[in-house]
Participant: 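Structure below; questions to follow.
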4 protein chains.
Amino acid sequence: MSEPVGSPLLRVGVLGARGRMGSQVCRAVDGAEDLDLVAMVDEGEWLFNISDAGAQVVVDFTNPDVVMDNVRWCIDQGISAVVGTSGFDAARIETVREWLKPTEGIGVVIAPNFAIGAVLMMQFAATAAQYFPSMEIIELHHPNKVDAPSGTAVHTASAIAQARRKAALGPMPDATKSSLDGARGARVDEVPVHSVRMAGLVAHQEVLCGTEGETLTIRHDSYDRASFMPGVLLAVRQILGRPGLTIGLDSLLER
Amino acid sequence: MSEPVGSPLLRVGVLGARGRMGSQVCRAVDGAEDLDLVAMVDEGEWLFNISDAGAQVVVDFTNPDVVMDNVRWCIDQGISAVVGTSGFDAARIETVREWLKPTEGIGVVIAPNFAIGAVLMMQFAATAAQYFPSMEIIELHHPNKVDAPSGTAVHTASAIAQARRKAALGPMPDATKSSLDGARGARVDEVPVHSVRMAGLVAHQEVLCGTEGETLTIRHDSYDRASFMPGVLLAVRQILGRPGLTIGLDSLLER
Amino acid sequence: MSEPVGSPLLRVGVLGARGRMGSQVCRAVDGAEDLDLVAMVDEGEWLFNISDAGAQVVVDFTNPDVVMDNVRWCIDQGISAVVGTSGFDAARIETVREWLKPTEGIGVVIAPNFAIGAVLMMQFAATAAQYFPSMEIIELHHPNKVDAPSGTAVHTASAIAQARRKAALGPMPDATKSSLDGARGARVDEVPVHSVRMAGLVAHQEVLCGTEGETLTIRHDSYDRASFMPGVLLAVRQILGRPGLTIGLDSLLER
Amino acid sequence: MSEPVGSPLLRVGVLGARGRMGSQVCRAVDGAEDLDLVAMVDEGEWLFNISDAGAQVVVDFTNPDVVMDNVRWCIDQGISAVVGTSGFDAARIETVREWLKPTEGIGVVIAPNFAIGAVLMMQFAATAAQYFPSMEIIELHHPNKVDAPSGTAVHTASAIAQARRKAALGPMPDATKSSLDGARGARVDEVPVHSVRMAGLVAHQEVLCGTEGETLTIRHDSYDRASFMPGVLLAVRQILGRPGLTIGLDSLLER
């Protein structure tokens with residue numbers, strides 16, 4: 001925040017700056033040599049602090065009630081936005097897409113999970129699904145989580161199912177005849193998903209892939225909210241070169 | 001099998017000697033320096049080959065239809081028996097116990113799982129269950145398995161539940177409010193059990209134990225029928241010192 | 001801290017109460033229904049606040065320079081002590097043992113690791129070592145750790161080696177003829193130990209045990225300093241029934 | 001092998017047909033509905049049985065002494081070849097490339113590892129290496145293996161190192177100051193590699209990737225030689241569309 005005028009640093013503002021995620025984003029941006037944290041705004045404060053400070057990119061970790069207004073405001077001001085706030089269903093996504101149509105050079109990235117490892121896990125799972133007849137997901141979380149399976153597990157299962165359909169694979173091999181209720185997990189798009197809830201855990205997921213004589217396991221462990229920061233910074237750095245709407249971190253990761 | 005008369009080797013006969021398990025037992029006994037494989041008997045052959053050869057211990061991997069006759073015959077002949085054949089319910093066990101009452105010095109060991117690692121996993125799980133409020137089981141098997149969960153998983157869950165009752169633990173922490181059917185697994189004695197069926201796998205089980213800030217995981221991988229042999233040999237070596245009925249390998253493992 | 005006079009709660013004082021560990025201990029004691037946090041003392045403050053408050057047990061997470069004086073003072077005051085401070089070599093342990101000799105009913109517990117999962121991992125590893133010819137340790141820590149292998153890994157290796165000697169096992173099977181330097185890990189008491197240092201990790205250890213056709217893996221994951229609290233509370237609750245010196249949490253865990 | 005003349009099945013011959021790998025290849029080709037096993041040739045038998053039977057593709061699992069003659073003969077006969085025999089150094093690869101130059105439509109695939117899971121593991125590791133500052137490899141094998149680290153681990157480390165150079169990453173974070181010899185593993189192209197040798201294991205590898213607050217683990221387990229068959233069949237099916245030389249299964253897997 002103390003860079004001289006004329007610096008080539010990318011100027012970043014943060015919305016929701018005092019929240020759990022937002023405050024970490026502020027620290028991460030502040031600590032990045034190529035970024036300049038020019039404005040931190042939270043509930044009840046002026047959005048115009050962002051534009052007055054000349055922000056080129058905004059990071060939004062606020063809440064579903066206000067995020068649409070924030071995105072609209074950013075677009076009107078010609079500021080690109082990286083959005084981690086939840087609650088984006090198909091209708092909201094379509095609305096943002098419409099807002100972006102008449103603009104030029106403005107980008108909006110909306111992502112459900114900014115952990116690079118989680119994004120890669122989903123990519124790798126979809127790739128492996130073409131070759132492995134058996135695919136199952138085990139997701140493991142702290143016991144305060146209210147839903148099962150996790151959103152990331154559901155997304156992963158859908159990506160696997162889509163890859164299996166594309167590869168025209170038949171049903172997974174499974175000779176189970178007698179089973180206790182629930183033993184074989186939930187089915188999400190035909191993919192078995194098992195949810196573990198356990199004291200001590202944070203957020204973890206394993207994708208198991210099996211074929212004759214071998215298995216491949218892809219496991220992601222999230223130990224800390226800090227794990228989202230590299231993904232947020234990646235999006236911030238790439239958004240100016242990505243006008244229009246980008247859903248998920250996936251396409252920002254070059255392979 | 002070519003030891004001189006008067007050798008101090010323990011003389012062992014095998015019933016079901018040409019079966020998948022029995023043939024491996026023959027090889028294992030034959031390869032052990034302290035054991036003498038004196039008789040191999042299979043379906044349609046003379047049981048008396050066993051006694052004629054002076055066997056002190058019999059290993060039985062036959063089938064549930066004939067195993068009770070075999071055990072009875074061994075006891076009548078004064079030969080101890082290590083039994084891996086399945087199908088021993090409470091009634092059969094009680095019958096064998098009755099048969100043994102009037103005898104002296106004859107031992108019978110009946111075990112559902114001779115893999116030492118599986119036995120230790122169950123012991124360790126029961127020990128850990130006193131200290132960890134969250135306990136879940138994931139068992140993973142080849143896709144030709146017809147039942148879910150596995151017998152070993154059910155036994156493990158029961159051992160965990162018993163330890164939890166003894167330690168007077170309350171219910172496991174779990175805030176799940178909305179859940180897809182089956183996501184949280186089957187409940188065996190209140191312990192969640194998840195069953196994975198997957199091409200490539202053999203027989204595997206993980207016991208996960210969680211408390212504040214830490215988890216402990218005990219995993220057993222069975223790659224090969226050979227994994228039962230050390231447990232069979234252990235039982236053979238100890239049975240003469242263990243008159244009466246022994247259920248499970250557990251008590252033969254000194255800690 | 002607000003329990004009425006006459007309460008049967010166990011009265012606990014904390015030394016090093018404002019340190020990273022000490023402050024967590026204070027919260028943990030304060031949150032336990034059967035314990036009463038009666039005094040919190042840190043550097044530069046009166047030790048006598050502890051005795052004035054009628055503490056029956058002291059928890060000490062201070063530093064190696066002052067811990068011996070603290071323990072001496074507790075013993076003189078007739079207060080039992082649970083000590084997590086590091087730096088206890090054989091000489092210091094002997095000294096404390098001498099100090100305790102003339103006393104009656106006073107207990108001192110000194111433990112290098114209060115995570116119950118870590119203690120069980122070491123116990124289980126020593127038990128398994130009797131049956132598995134191959135035993136190796138992989139420990140994984142954050143990249144700021146300055147020593148390799150970790151202290152817990154060294155302790156585990158020693159416990160394994162002792163169990164192997166007791167069971168009169170020969171050398172581990174290993175046909176390696178050509179090897180890059182370091183590929184097979186460090187040898188601690190003949191046990192191979194591998195140290196991973198990796199961004200994102202906290203403190204983890206796996207003990208791998210192998211025999212014919214099967215493996216058993218015992219893994220401990222420490223995600224948070226909070227993992228030490230259950231072990232500290234366990235020691236606090238048991239110390240009045242354990243006069244004399246107790247080294248390690250091990251003997252406090254009933255099996 | 002009993003398909004009617006005129007069938008559109010791909011005609012496959014096997015060299016080294018009675019070897020451990022070759023005999024499995026014969027079974028796998030025979031069991032595939034779209035392939036026709038037309039010739040099985042082993043040491044001391046006529047290569048011309050292959051061409052007489054009209055084979056379009058040969059699979060070679062022989063030995064380093066004869067494989068070059070076999071490949072040369074296949075090219076001369078206009079038959080494509082899938083080669084799993086080891087011993088292909090840079091000079092041999094160059095020779096095969098020269099042989100193929102004047103040909104048209106003939107393909108040769110030479111691969112060190114036909115397990116699809118192993119190939120994907122290497123691909124995924126190289127992809128992840130761009131984003132994770134910490135990367136380490138643990139490979140685990142049966143105790144009869146004579147070299148450490150494994151060939152697959154060395155290949156993986158090289159792929160990781162190449163990706164790191166391309167992404168211009170600095171050295172991995174590691175504050176280790178005091179270390180027992182070997183604790184931090186072998187360095188292959190700056191990547192730490194740890195080799196476990198253990199009774200019971202077959203062939204396994206884990207690639208660990210760490211960044212702030214999260215880790216990603218990619219694990220491959222090979223339980224059986226059967227795991228190579230899907231990769232062999234994949235190469236057989238694609239080779240006619242891939243004239244020239246292909247090294248590794250990698251490029252045959254579409255992503």
Participant: A quick test of your reading: do over 12 heavy atoms of other residues, nucleotides or ligands sit less than 6.0 Å from NE2 of His155(C)?
Facilitator: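 Atom NE2 in His155(C) is not packed in, count stays at 12 or less.
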Participant: Please flag which part of Asp181(D) lies under 4.5 Å from any non-hydrogen atom of chain C: side chain, backbone, both or neither.
Facilitator: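 When you check distances to chain C, only backbone atoms of Asp181(D) fall under 4.5 Å.
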Participant: Using a cut-off of under 4.5 Å for heavy-atom pairs, which of Val196(D), Leu140(D), Asp147(D) has the most such pairs with chain C?
Facilitator: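 Result: the option with the highest number of such pairs is Val196(D).
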Participant: Is Ile138(C) in contact with chain D via its backbone, its side chain, both, or neither, using a 4.5 Å heavy-atom distance?
Facilitator: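 For Ile138(C), side-chain heavy atoms alone lie under 4.5 Å from chain D.
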Participant: Is there side-chain contact between Thr215(D) and Leu201(C), with at least one heavy-atom pair below 4.5 Å?
Facilitator: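 Thr215(D) vs Leu201(C): side chains touch.
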Participant: Using a 4.5 angstrom heavy-atom cutoff, name the option from His194(D), Met135(D), Lys177(D), Met198(D) with the most pairs to chain C.
Facilitator: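 Option with the greatest count: Met198(D).
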Participant: Can you tell me which of Pro149(C), Ala183(C), Ala153(C) forms the most heavy-atom pairs within a distance under 4.5 Å of chain D?
Facilitator: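 That would be Ala183(C).
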Participant: Any carboxylate oxygen within less than 4.0 angstrom of a Lys/Arg side-chain nitrogen, looking at Glu136(D) and Arg184(D)?
Facilitator: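 Looking at Glu136(D) and Arg184(D), the cut-off is met.
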Participant: So what's closer than 4.5 Å to chain D heavy atoms on Val193(C): side chain, backbone, both or neither?
Facilitator: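 When you check distances to chain D, only backbone atoms of Val193(C) fall under 4.5 Å.
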Participant: Could you check which of Ser179(C), Pro133(C), Ala175(C), Cys209(C) has the highest count of heavy-atom pairs closer than 4.5 Å to chain D?
Facilitator: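 Heavy-atom pairs under 4.5 Å are most numerous for Ala175(C).
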Participant: Please flag which part of Met172(C) lies under 4.5 Å from any non-hydrogen atom of chain D: side chain, backbone, both or neither.
Facilitator: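 Neither part, no heavy atoms under 4.5 Å.
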Participant: Under a 4.5 Å cutoff for heavy-atom pairs, which residue among Gly185(D), Ala148(D), Gly200(D) has the most contacts with chain C?
Facilitator: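 Answer, by heavy-atom pair count under 4.5 Å with chain C: Ala148(D).
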Participant: Are the charged groups of Glu94(D) and Arg97(D) less than 4.0 angstrom apart, N to O?
Facilitator: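 Result for this pair is yes, salt bridge flagged.
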Participant: For chain D, find which of Pro173(C), Gly213(C), Pro192(C) contributes the most heavy-atom pairs closer than 4.5 angstrom.
Facilitator: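 The residue among Pro173(C), Gly213(C), Pro192(C) with the greatest pair count is Pro173(C).
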Participant: So, are Glu190(C) and Arg165(C) salt-bridged, with charged N and O less than 4.0 Å apart?
Facilitator: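 Between Arg165(C) and Glu190(C) there is no salt bridge, as every charged N stays at least 4.0 Å from the carboxylate O atoms.
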Participant: Is Val188(C) in contact with chain D via its backbone, its side chain, both, or neither, using a 4.5 Å heavy-atom distance?
Facilitator: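 Contact with chain D involves the side chain of Val188(C) alone.
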Participant: Output yes when a side-chain donor or acceptor of Arg92(C) lies under 3.5 Å from a complementary backbone atom of Pro64(C), and no otherwise.
Facilitator: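 Yes; at least one donor-acceptor contact below 3.5 Å.
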Participant: Between Gln24(C) (side chain only) and Met21(C) (backbone N and O only), is there a donor and an acceptor less than 3.5 Å apart?
Facilitator: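 No; zero donor-acceptor contacts below 3.5 Å.
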Participant: Considering only heavy atoms from C-beta outward, does the side chain of Arg197(D) approach that of Glu139(D) to under 4.5 Å?
Facilitator: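 They are in side-chain contact.
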